[in-house]
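Residue numbering restarts at 1 for every chain, and letters A, B, ... go by the order of the sequence lines. Remember, predicted model here, so these are calculated numbers, not experimental data.
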Amino acid sequence: MKLAVAELNSFYGQAHILFDVGLEVGAGEVVALLGRNGAGKSTTFRSIVGLVAQRSGRIVFEGEDVSARPTHAIVRAGLGYVPEERRIFTELTVDENLEVGRQPPRRNAPHWTPDKLFTLFPNLGEMRRRNGGHMSGGEQQMLTIARTLMGNPSLILLDEPSEGLSPKIVEQMANAILTMKREGVSILVSEQNLHFARLISDRAYIIERGRVRFSGSIAELDARPDIRDSFLAV
Amino acid sequence: MSFYVVQFLTGLASAASLFLVASGLSIIFGVTRIVNFAHGAFYMLGAYMAFTLTERLSGTVGFWGGIVLAALAVAAVGAAVEMILLRRIYKSPELFQLLATFGLTLMVEDLVVILWGPDDLLGRRAPGFRGAIDVFGQNLPSYDLFLIVIGPVVLGALWLLFHRTRWGVLVRAATQDRDMVAALGVNQKWLFTSVFAAGVFLAALGGALQIPRDAVNHTMDLRIIVDVFVVVVIGGLGSITGAFAAAVLVSELNAFGILVFPKISIILVFLVMAAVLIVRPWGLFGKAETAPRRTPGSAVRPWRPLTFAERVAVALVFAAAASLPLFGGNYAISVATEIVIFALFAASLHFLMSAGGLASFGHAAYFGLGSYGVALLAKLAGAPMLVCLLAGPLLGLAGAVVFGFFAVRLSGVYFAMLTLAFAQIAWSVAFQWVEVTGGDNGLLGIWPARLVATPARFYWLSLAISAALVVALRVMVFSPFGYALRATRDSALRGEAIGIDGKRVQWIAFVIAGTIAAVAGALFAYLKGSVFPDSLGISLSVDGLVMVLLGGVETVSGAIVGAIVYKALNIWLVSQTELSKLVLGGLIIVLVVAFPRGIVGMAELVVDRLRRRAQLSASPPSAALAQDIESAK
Ligand SMILES: Nc1ncnc2c1ncn2[C@@H]1O[C@H](COP(=O)(O)OP(=O)(O)OP(=O)(O)O)[C@@H](O)[C@H]1O
Ligand SMILES: [Mg+2]
């Protein structure tokens, strides 16, 4: 098992947001975490990488419990994180953004270089010296993924990569994710868009109001329209 | 003509050190969001270290090696300070960070006197730059030429560092979004430590490079830090280019200010700073802070009218205070008078800080202007005491009107730096304008009218005035004006939405607080019978802040309790030890790190806990809950 999360409970101040969330990602798998707005997808991701201060539970990554480690140490262990808000460094160029993400190569993960990333995201290769602030939303989304890949993660958390993108860019994004999978990166991706999730994932979890309500393959999910209708916006 | 050229070149040479220190401050602020008051202290340490090392190491290599080694050694000290002190206060409010680093400054001031003695030290001349060169018939030290070159060279080196090295790219990224940098696997702790060390290195290098030019002494820290604050306010905090441009501008203004206003050269800098602030409040090269940071006082709302029992208690305390002369001796009475006056001063600052959310680092300016107002009226116009007491504080009011107009345009650290710079300008005028203010010798022989000439009577007068004004401040907090002020503090935008002109309200509050501080200053002039520039100085401003902090910023009686404890402690400390700054600085740091709530805040916390525990054990849970709901209302 690449990543195993168990009994994850998270709080923002007094508000209890996640209730005993548990999920697993196997090596080489693409797993979707589905749920409506406010269901707790981003909070789950932020909790896994230690960006939510108040959390309890087990987060076992490659056989080690990383829940007590600071964010940078979790990420350095090979667990990459792509935030929903993108948060690229707008004052830095594309090349410099990639440099911030750079980490030494890892034995059990593909090694990414800027050139390799520019074949994955050709748009970026044409604007290496452009400031992050002067890029379109889709380009920024590609940059934020490329930047995380520079850390050579063996598993990557992608928070709503298709959000707010045009259909053409969404298709490019799906291809890029499948290429990452082929290279050997395990992926946990959060989505509201079931069609997009279906294109890329092997399995899915559904989260609603901070609780996991469904777990199974995409085929199993398709066989249960009731679940889909009650927990996902269609 | 040639004279002006030389004057211009001298100005450029002075800009070098100023730029080094200011750019260090900016780099540190960019990443850690801390305005490092101790930057002047590191500059001074750099100069002392360089003095010692260049004396020990001989020859050309020894000299330049000594300069660089000195800066490296101080940078190592800086790294230790970051790890021991700053890591504990990154999440504290800005005011606390400024105060803690100021406490550090105080400690360093005493430490250099212990290590190097109190006298000015004259450093070695730089090998190869001992002579002077001829500029259109005027002499210019060749070392000045070296400094003129150093400024742009360092600017270029910094640019390369930030654009061509991984460390530099990480620092720039962290300046924009530190958490994202951590989420990409960068250990922020070491990034912060290295950034702090780099900034300190620049400050220390600036100090070390001054030794062939200026004597080294233990007051150079405050002189440079005020100039540096002016530079970053003009240039924009966080911008290195801005630091360079503003350092040149300020140095030239200083160089030519002497020609325009020989007596009060600092005026020119003030005028330019004022102009910049009107046109670009965030400085020439700065960017507006998107989300203004929390100012102390905004988190809680301790303001409620006193209950009947509390009023009775206040009346009893007042009666007890008033009865002091019946059993105390003259010394006790004069100490008590001083405490009462400072309680009024602290209360006026507390009003500004808690109800206004504006932490002024230069509140002494208005206290001192009140003192000078009285002294000038009494000495120059020979006015009687009643007239002096009524009209003298108007000088403080006028100062608060002018300075406040600019200050309230800024918030947070900018506000703090600007108020400090204004106070220092007022101090410089008092210090330089000898014909009127007597300069360093002060104005002497200001005696109270016969009616209140005994210590006891003057004590009662001070107590009555102070008590009345403290009550007036309280009343003001609960007036519609006070409501508007607190609404602006909590959210300027929301206040504006309901028709409150936030800047105007803050300006009025600034003037009120300044005027009341001026009244305290007026009383102080009569208590001491004299006025000196110190009454406008940074240390008095900081004393006020420490009083408020010691008592508890977010409490009602904090300022008064803090003033009493602090003043008593201070008077005792000065009588006991030579190293009062070391102890005081240490005290400030301990307060900020360990007891940020202050005395009253801690007491309230303890009482609250005890009460809760008593309730929980004495009553069934539902009753305790009801009590909780009651107290929450
Ligand atoms: N910083 C925060 N402070 C307090 N509550 C928060 C915070 N961030 C999120 N929440 C709350 O936590 C819950 C889960 O939010 P989360 O962002 O994890 O949802 P999400 O599934 O990612 O939704 P979306 O699809 O809109 O991104 C929501 O009710 C949200 O209001
Ligand atoms: Mg989300």
I'd like to know which of T175(B), N187(B), V181(B) tops the heavy-atom pair count under 4.5 Å against chain A.
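Looking at each option in turn, the highest pair count goes to N187(B).
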Could you give the distance from [atom1] ([X]) to [atom2] ([Y]), rounded to the nearest 0.5 Å?
X: R87(A); Y: D179(B); atom1: CZ; atom2: CG; answer: 5.5 Å
X: H163(B); Y: T93(A); atom1: NE2; atom2: OG1; answer: 8.5 Å
X: T144(A); Y: M180(B); atom1: OG1; atom2: CE; answer: 5.5 Å
X: R172(B); Y: E96(A); atom1: CZ; atom2: CD; answer: 4.0 Å
X: L170(B); Y: F89(A); atom1: CG; atom2: CZ; answer: 8.5 Å

Would you mind checking if E99(A) and R166(B) are paired as a salt bridge, meaning a charged N to carboxylate O distance below 4.0 Å?
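Here R166(B) pairs with E99(A) in a salt bridge, since their nearest N and O are under 4.0 Å apart.
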Measure distances from [X] to the heavy atoms of chain B and classify the residue's part below 4.5 Å as side chain, backbone, both or neither.
X: I88(A); result: backbone
X: V100(A); result: both
X: P83(A); result: side chain

Grab the two heavy atoms, one from V75(A) and one from A182(B), that are nearest each other, plus how far apart they are.
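Nearest heavy atoms, V75(A) then A182(B): CG2-O, 4.4 Å.
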Compare every heavy atom of V186(B) with every heavy atom of R76(A), then report the nearest pair and how far apart it is.
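Shortest heavy-atom contact: NH2-CA, 4.2 Å.
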Heavy-atom count around F595(B) CZ within 6.0 Å, excluding the residue itself: above 12?
no
If you draw a 6.0 Å radius around NZ in K116(A), do more than 12 non-hydrogen atoms from other residues or ligands fall strictly inside?
yes
I'd like to know if the side chain of Q176(B) reaches the main chain of E91(A), judged simply by a donor and an acceptor atom lying under 3.5 Å from each other, with no hydrogens or angles considered.
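Yes.
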